[in-house]
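Notes follow once the structure below has been shown.
Note that these values count all heavy atoms, side chains included, but never hydrogens, waters or copies made by symmetry. The chains referred to below are lettered A, B, ... by the order of the sequence lines, with proteins before strands, and numbering in each begins at 1.
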2 protein chains.
Amino acid sequence: MTRRPTMNDIALDAGVSRATVSLVVRDSDQIPESTKQRVRASMERLGYVYNRVAGTMRGGGSRNLGLLLTNIQNPYLAEVSMAVEAAAQESEYTLLQGYSLGDVERERRLVRSMVENQVAGLIVMGAVESDGSAFDGLGGPRAVPLVTILRPIDSVAADHVGIDDRRAGRLLGAHLAALGARTVAVLGGFEGARMLEARLGGLREGLAGSPARIPTSMVVTDDGHGNYSSETGAHLVAELLERGSCPDAIVTYTDAYALGVHQGLRQHGIEPGADVALASFDNIPTAAQIHPTLTSVDSAPHLLGAEAFRLLTSRIAEPGGVAESVVVEPHLVIRQSTALWAPPTPA
Amino acid sequence: MTRRPTMNDIALDAGVSRATVSLVVRDSDQIPESTKQRVRASMERLGYVYNRVAGTMRGGGSRNLGLLLTNIQNPYLAEVSMAVEAAAQESEYTLLQGYSLGDVERERRLVRSMVENQVAGLIVMGAVESDGSAFDGLGGPRAVPLVTILRPIDSVAADHVGIDDRRAGRLLGAHLAALGARTVAVLGGFEGARMLEARLGGLREGLAGSPARIPTSMVVTDDGHGNYSSETGAHLVAELLERGSCPDAIVTYTDAYALGVHQGLRQHGIEPGADVALASFDNIPTAAQIHPTLTSVDSAPHLLGAEAFRLLTSRIAEPGGVAESVVVEPHLVIRQSTALWAPPTPA
DNA sequence: GTGAAAGCGCTAACAT
DNA sequence: ATGTTAGCGCTTTCAC
């Protein structure tokens, strides 16, 4: 026999009916132990592997979920992926994973392919330009449950798990104000994107009441296609320094940029931490490993992933209803890159 | 109608038979353009989505592949994942992904679940202790094609894509010898693992002919359960320094460890690059971003992922035959952490 | 060029 | 406690 054995084969071999085999697979207590033993022995001997695809098609819902991310070069998203996978494995779900690279066309293809594969639900970090058209087939009464993470998608009323970016900004702003920074630069982030606006707004709130300002000339955005590489950070800081004087503090959009800023500053003879305070968002592992260690706002990727999974599965269990939105609270991790800094003493 | 529309619904709506709809989906040229248009219009209007699961069950083989990694906190594996995904997307495959965390039990569960889900093939980075028992059902004539990456799995005769670890070690050894290093320490890696043995062996070969040695007391291994965190590196270097004097050069098993070694050295007042040469394997992006930048052996994760995919799909197309083994050639990227170092001048 | 019918491997309702 | 039957959504001969 060259094909894989089926329940029929097992039934035949064990001298029972196919239905009985099916019940044994699910360990039903209608089946006496003696029969189970016999059936299991046949499975073992013939090398039977349950065909979940056929089972799903017949009856119960799919146990597959789709996880669509932009890019896991970004350690933050890598950790989200691992968190979702851990939760899925725990609950006996399987994960279809894909990367859009921030490209709307890839995103559309991936969503389509996951839905064609009958996923029970989707967790999506959308591309910046996502207009929701990739999710058209998912709306309406026969919707595939969808949870967006980090970036809500325009015109798609889905459950969402995000970060309180405003609060993240505020934490950082308050910290920099307390240090005595007077001028703060902001590097990176897609101009007009909600995330950047929220972080900037929060930063301003945190700085309010102190003499600190964020001069317009010191806000340098990128085009949002960032692959979150440190090179982006190096470019951004080069542009900043070209524009004029060095600020007291630099806030970058994500830790990866801060690494590039490190480099860029040193090339100009400026020592991060000592000459200028540097802080960022995401708190990737590297932040604690570079020198000087990097102050960063931690946004609990593990929690975010776990919440996204929880929200998705509860929506699968209980479809419909109004979209829910969960916010993960960030916390500030203060390290050398700001702690070492002090305002220049007026000589 | 609350359920998703099926081919039957489309057929009914378009006034053709189900078989015709099936042919339209695959754009068969037996169907005249006029009919296709009509059918496609119905699909559009009813919001039809092709059910690939049912299609697979009936006829053609599955278009799903399984990718089983230990952990994508490791940027090297993250890049492998992205490479495999890119290739899969290109060829209209879908990816089931899971993380074993180096745990044999999780590995077993994931393999089982992927096979139950009828994947057409598997790409696996096995846990250190994998004995192949997780892959038992896959052997024999009805095998699921399997490609192992980076670490062959004992007793499983599968296609393999690996790195020429010996060569990687040799490149590094030759470089350190040329620098004039006399004592070289090796930190990290699971004692007895092939990968470590190969790298160590290569390192010795590269050093041969020079006065350099690797004292036994300067080889500090770990337990192989490493999550590739920099903390491991910090511990390893602490242990090394406890054992006695500082070597001329330190080679770590992976870049993440080197970051921790950075930290650990500085805590002892030793400056990496200046006081001791430091080099590693993997060449993760961070290697170019820290200070001093880190010399590392690049092992082309993107190439490795692409090769694994190529090997797997060609095995799916042409099952059986003798297992193939592909080796990706590493190359040395020299950066400040070694370039800045010079032997102490005998005063 | 299109339709009718069988069947992939499984589950669930009902029957015994 | 186990068997019978129908059918999930699709593809594939084989008719017409």
Side-chain angles (χ1 to χ4, degrees), chain A residues 1-40 42-43 46-64 113 115-120 137 142, chain B residues 1-40 42-43 46-64 113 115-120 137 142:
Chain A
M1 163 156 47
T2 179
R3 62 175 177 73
R4 301 247 276 268
T6 75
M7 278 193 179
N8 261 330
D9 301 320
I10 303 301
L12 221 60
D13 186 79
V16 295
S17 85
R18 197 170 66 230
T20 303
V21 177
S22 177
L23 290 174
V24 171
V25 165
R26 304 202 273 84
D27 203 18
S28 157
D29 44 343
Q30 310 175 46
I31 309 286
E33 201 51 45
S34 59
T35 309
K36 283 186 185 174
Q37 304 255 327
R38 200 152 34 90
V39 171
R40 294 217 177 93
S42 292
M43 288 179 171
L46 302 190
Y48 174 74
V49 179
Y50 176 66
N51 184 334
R52 193 166 298 275
V53 165
T56 292
M57 198 173 145
R58 179 57 178 89
S62 159
R63 278 304 224 178
N64 288 49
S113 124
V115 176
E116 287 184 353
N117 277 288
Q118 308 300 107
V119 292
R142 46 183 185 270
Chain B
M1 163 154 49
T2 179
R3 61 177 177 71
R4 301 247 276 268
T6 74
M7 277 194 180
N8 261 330
D9 301 319
I10 304 302
L12 222 60
D13 185 81
V16 295
S17 86
R18 196 169 69 229
T20 304
V21 177
S22 177
L23 290 175
V24 171
V25 166
R26 315 230 253 70
D27 203 19
S28 157
D29 43 343
Q30 310 175 45
I31 307 288
E33 201 49 45
S34 59
T35 309
K36 283 186 185 173
Q37 304 255 324
R38 202 151 34 90
V39 171
R40 294 218 177 93
S42 292
M43 289 178 169
L46 302 190
Y48 174 74
V49 179
Y50 176 67
N51 185 333
R52 193 167 299 274
V53 165
T56 292
M57 197 174 145
R58 179 53 231 266
S62 159
R63 278 303 225 180
N64 288 50
S113 126
V115 176
E116 287 184 352
N117 276 287
Q118 308 299 111
V119 291
R142 46 182 183 270

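For the helix from C:dG1-D:dC16 to C:dT16-D:dA1, the axis fitted to the five pairs at one end and the axis fitted to the five pairs at the other end meet at an angle of 40° (nearest 10 degrees).
For B:Ser28, there are no side-chain hydrogen bond (donor to acceptor under 3.5 Å, both in side chains) partners at least two apart in sequence or on another chain. Here B:Ser42 pairs with B:Asp13 under the side-chain hydrogen bond (donor to acceptor under 3.5 Å, both in side chains) rule; sequence neighbours left out. Under the rule for a side-chain contact (heavy atoms from CB on, under 4.5 Å), the partners of A:Arg52 that lie at least two apart in sequence or sit in another chain are A:Tyr50, A:Thr56, B:Glu116, B:Asn117. Here A:Asp27 pairs with A:Lys36, A:Arg40 under the side-chain contact (heavy atoms from CB on, under 4.5 Å) rule; sequence neighbours left out.
In this structure, the CD atom of B:Gln118 is 8 Å from the P atom of C:dC10, given to the nearest Å. Atom CE of A:Met43 is separated from atom P of C:dG9 by 15 Å (rounded to the nearest Å). Taking atom CZ of A:Arg63 as the reference point, atom C1' of C:dT11 lies 16 Å away to the nearest angstrom. Between the P atom of D:dA1 and the CG atom of A:Asp29 lies a distance of 10 Å, rounded to the nearest Å. Atom CG of B:Asn51 and atom P of C:dG9 are 17 Å apart (whole Å). Atom CD in A:Gln30 sits roughly 13 Å away from atom C1' in C:dT11 (whole-Å rounding). Counting to the nearest Å, the P atom of D:dC10 and the CG atom of B:Asn8 are 8 Å from each other. Taking atom CD1 on B:Ile10 and atom C1' on C:dT2, their separation rounds to 17 Å, with Å as the unit.
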Residues A:Arg18, A:Thr6; criterion side-chain contact (heavy atoms from CB on, under 4.5 Å); working and verdict: CA-CA 9 Å; A:Arg18 197 170 66 230; A:Thr6 75; over 6 Å; no
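Atom CZ of B:Arg58 is separated from atom CG of B:Asn51 by 14.5 Å, given to the nearest 0.5 angstrom. Atom OG1 in A:Thr35 sits 12.0 Å away from atom CD in A:Gln30 (nearest 0.5 Å). Expressed to the nearest 0.5 Å, how far OG of B:Ser17 lies from CG of B:Asn8 amounts to 9.5 Å.
When the nearest nucleotides of DNA chain C are assigned to B:Met57 and B:Thr20 by heavy-atom distance, the more 5′-ward of the two goes with B:Thr20.
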B/S/- contact track for nucleotides 11-16 of chain D, protein heavy atom under 4.0 Å: BB----
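Listed candidates were D:dG9, D:dT2, C:dT2. Nearest to the side chain of B:Thr6 is D:dG9.
Between B:Arg4 and A:Val115, some side-chain heavy-atom pair lies under the 4.5 Å cut-off.
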